[in-house]
Amino acid sequence: MRVLFTLGVYQEDRPERWAAKHSVFFALANSLTKLGHEIFFYCNKKSVKSRFVTSKYKYYFEGEDIFSEILLKNNIQCVVVWGGRTDADYKLRRSCPENIKLIYAEAGWFPQAGTCYFSEFGTNANAQFLKEGLQDHHFNAASFARARRKVLGASIGYFRCLKLPNFYDVKKFDSTKPIFLPLQDEGDTNIVLSSPVKSMALFISKFAEQYPQVSFIARPHPRASYSSLPAHDNVTYQSSAVDPYTDFDHYGGVIGINSTMLLQYALLGLPVAGVGKGVATGSGAYFDLEYDQLPRQLDDIVYDVHSSAKFFDYMLRNKQLAVRNLMNTRYVSKSYLMGMFK
């Protein structure tokens with residue numbers, strides 16, 4: 001297969017952000033080459049890292065080369081896009097003939113740094129994991145327990161893992177304890193495209209005012225800049241400099257907006273409710289909360305975790321890939337990527 005990796009194409013807002021993804025595509029390109037594929041790159045010049053621009057692969061650059069001509073001249077059969085949900089990405093997609101396969105890449109979850117995943121449907125809210133293997137995934141409780149312990153041990157420490165809540169308990173919110181509200185970056189693509197609420201100030205106020213007897217702890221996103229956040233008697237703010245998992249076992253539940261952090265807290269074993277559409281929507285990973293039809297009491301939020309366990313087992317042992325292993329041909333050949341690049 002003749003594969004074209006793209007980075008930052010048509011991006012006008014800080015295209016240098018895509019440079020961090022160059023290492024992911026370069027690593028995978030190495031394995032695909034060894035597996036018999038022919039690799040090309042088409043990039044915004046600000047979206048590459050110079051050490052990866054080598055004669056090993058043919059590089060084309062936006063402004064110097066025309067996308068449609070590159071596709072035709074090189075008989076490209078597959079185009080790989082990071083993210084795939086911005087206006088620039090949609091422009092790129094529309095430029096691809098129907099006979100060209102599109103594959104999308106995005107950062108993983110446990111943790112985001114150093115992990116990634118690929119999809120033929122899209123990323124974040126556009127992903128369709130049930131069609132991508134989740135529906136037929138064989139859940140293995142012992143393997144899931146080992147994978148969960150490994151991931152959580154790296155994030156909170158192996159000693160604290162000994163005191164984790166039982167993952168298989170029925171999840172029920174407990175409003176006698178503080179409810180944690182991890183906030184999002186209002187400029188994040190998931191908020192702009194897939195959230196019913198765009199303002200974190202309104203998000204906080206809605207819960208604070210609807211449930212005045214409940215105590216909330218709101219945590220600003222570390223990379224976000226808010227014009228203002230409201231003051232409520234039942235809301236305290238946690239500094240983004242504090243370890244977000246310091247008091248996780250003291251929370252009666254977690255409510256957020258299609259955030260990766262929701263997945264992390266659900267994996268810890270806490271009851272979690274999510275607003276907006278994300279990768280976990282409809283999967284049973286946590287409770288899907290209707291923002292315009294909130295329950296009378298937060299304690300009414302109850303859900304079973306059997307489907308949640310299967311979802312996280314699939315994410316940990318199948319869908320999420322370690323970036324450092326993408327240069328390992330055997331690792332790639334045993335993953336679901338082999339079914340995509342064919």
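Note that this is a predicted model, so its numbers are computed, not measured.
In plain terms, the two heavy atoms of Tyr314 and Gly133 that are nearest each other are CE1-C, 3.6 Å. Considering every non-hydrogen atom in both Glu62 and Tyr10, the closest pair reads OE1-N, 3.0 Å. Shortest non-hydrogen contact noted between Gly83 and Glu106 is CA-OE2, 3.9 Å. Taking each heavy atom of Cys96 and Leu102 in turn, the nearest pair found is SG-CD2, 4.0 Å. Contact detail for Lys171 and Val305: the closest heavy-atom pair is CG-CG1, 3.3 Å. The two residues Ile100 and Val79 have their closest heavy-atom pair at CG2-CG2, 3.7 Å.
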Chi angles and distances behind the side chain to side chain donor-acceptor pair (under 3.5 Å) call for Asp89, Gln11: CA-CA 8 Å; Asp89 294 330; Gln11 299 290 346; 3.3 Å; yes
Salt bridge (Lys or Arg N to Asp or Glu O under 4.0 Å) between Arg2 and Glu38, worked out: CA-CA 5 Å; Arg2 299 168 75 85; Glu38 193 166 355; 2.6 Å; yes
Full working for side chain to side chain contact (heavy atoms under 4.5 Å, CB included) between Phe173 and Val214: CA-CA 11 Å; Phe173 270 61; Val214 178; over 6 Å; no
Verdict with reasoning, Arg330 to Ser333, per side chain to side chain donor-acceptor pair (under 3.5 Å): CA-CA 5 Å; Arg330 184 170 181 271; Ser333 63; over 6 Å; no
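Taking the ring centre of Phe159 as origin, the terminal cationic atom of Lys163 falls outside the region bounded by 6.0 Å and 45° from the ring axis. A cation-pi arrangement, defined by a distance under 6.0 Å to the six-membered ring centre and an angle within 45 degrees of its axis, is present between Lys58 and Tyr60.
Side-chain contact annotation: Glu132 with Ser119, donor-acceptor N/O pair under 3.5 Å present.
For Glu64, the CD atom counts as densely surrounded, since its 6.0 Å shell holds more than 12 non-hydrogen atoms of other residues, nucleotides or ligands. Counting heavy-atom neighbours within 6.0 Å of Asp304 CG, excluding the residue itself, gives a total above 12. The environment of Asp233 atom CG is sparse: at most 12 non-hydrogen atoms of other residues, nucleotides or ligands sit within 6.0 angstrom. Dense packing is recorded around NZ of Lys206, with more than 12 heavy atoms of other residues, nucleotides or ligands lying under 6.0 Å away. In the displayed structure, Lys131 atom NZ is contacted under 6.0 Å by at most 12 heavy atoms of other residues, nucleotides or ligands. Within 6.0 Å of atom NZ in Lys198, more than 12 heavy atoms from other residues, nucleotides or ligands are found, so the atom counts as buried in its surroundings. Heavy-atom contacts from other residues, nucleotides or ligands closer than 6.0 Å to CZ of Arg17 number more than 12.
Gln320 places a side-chain N or O within 3.5 Å of a backbone atom of Trp109 that can act as its donor or acceptor partner. In terms of modelled atom types and a separation under 3.5 Å, the side chain of Asp313 and the main chain of Ala309 share no donor-acceptor contact. The backbone N or O of Val272 sits less than 3.5 Å from a side-chain atom of Tyr303, completing a donor-acceptor pair. For Arg324 (side chain) and Gly114 (main-chain N/O), no donor-acceptor pair under 3.5 Å exists by modelled atom type. Without hydrogens or angle criteria, Lys101 side chain to Gln77 main chain gives no donor-acceptor distance under 3.5 Å. Checked by atom type and distance alone, the side chain of Ser95 pairs as donor or acceptor with a backbone atom of Lys91 at under 3.5 Å. A donor-acceptor contact shorter than 3.5 Å is absent between the side chain of Ser31 and the backbone of Leu28. For His232 (side chain) and Asn234 (main-chain N/O), no donor-acceptor pair under 3.5 Å exists by modelled atom type. A donor-acceptor pair under 3.5 Å links the side-chain atoms of Asn328 to the main chain of Tyr331, judged by distance alone. In terms of modelled atom types and a separation under 3.5 Å, the side chain of Lys73 and the main chain of Ser68 share no donor-acceptor contact.
In this structure, Phe167 has its ring center under 6.0 Å from that of Phe144. Less than 6.0 angstrom separates the ring centroid of His22 from the ring centroid of Phe41. Close placement of the Tyr245 and Tyr265 rings is indicated, their centers lying within 6.0 Å of each other.
The side-chain heavy atoms of Ile156 and Leu268, taken from C-beta on, include a pair separated by under 4.5 Å. In this structure, the side chains of Thr189 and Asn124 stay at 4.5 Å or more apart for every pair of heavy atoms.
Following chains of ILVMFWY side-chain contacts shorter than 4.5 Å, one cannot reach Ile70 starting from Phe61, and the two form parts of different hydrophobic clusters. Residue Phe118 is not grouped with residue Val81 when hydrophobic side chains (ILVMFWY) are merged at heavy-atom distances under 4.5 angstrom, including chains of intermediate members. The cluster map of Ile, Leu, Val, Met, Phe, Trp and Tyr, joined by side-chain heavy atoms under 4.5 Å apart, puts Tyr104 and Met1 in different clusters. Grouping the Ile, Leu, Val, Met, Phe, Trp and Tyr side chains by contacts below 4.5 angstrom, directly or via other members, places Ile76 apart from Ile103. Under the 4.5 Å side-chain heavy-atom criterion for Ile, Leu, Val, Met, Phe, Trp and Tyr, Phe25 and Leu4 are members of distinct hydrophobic clusters.
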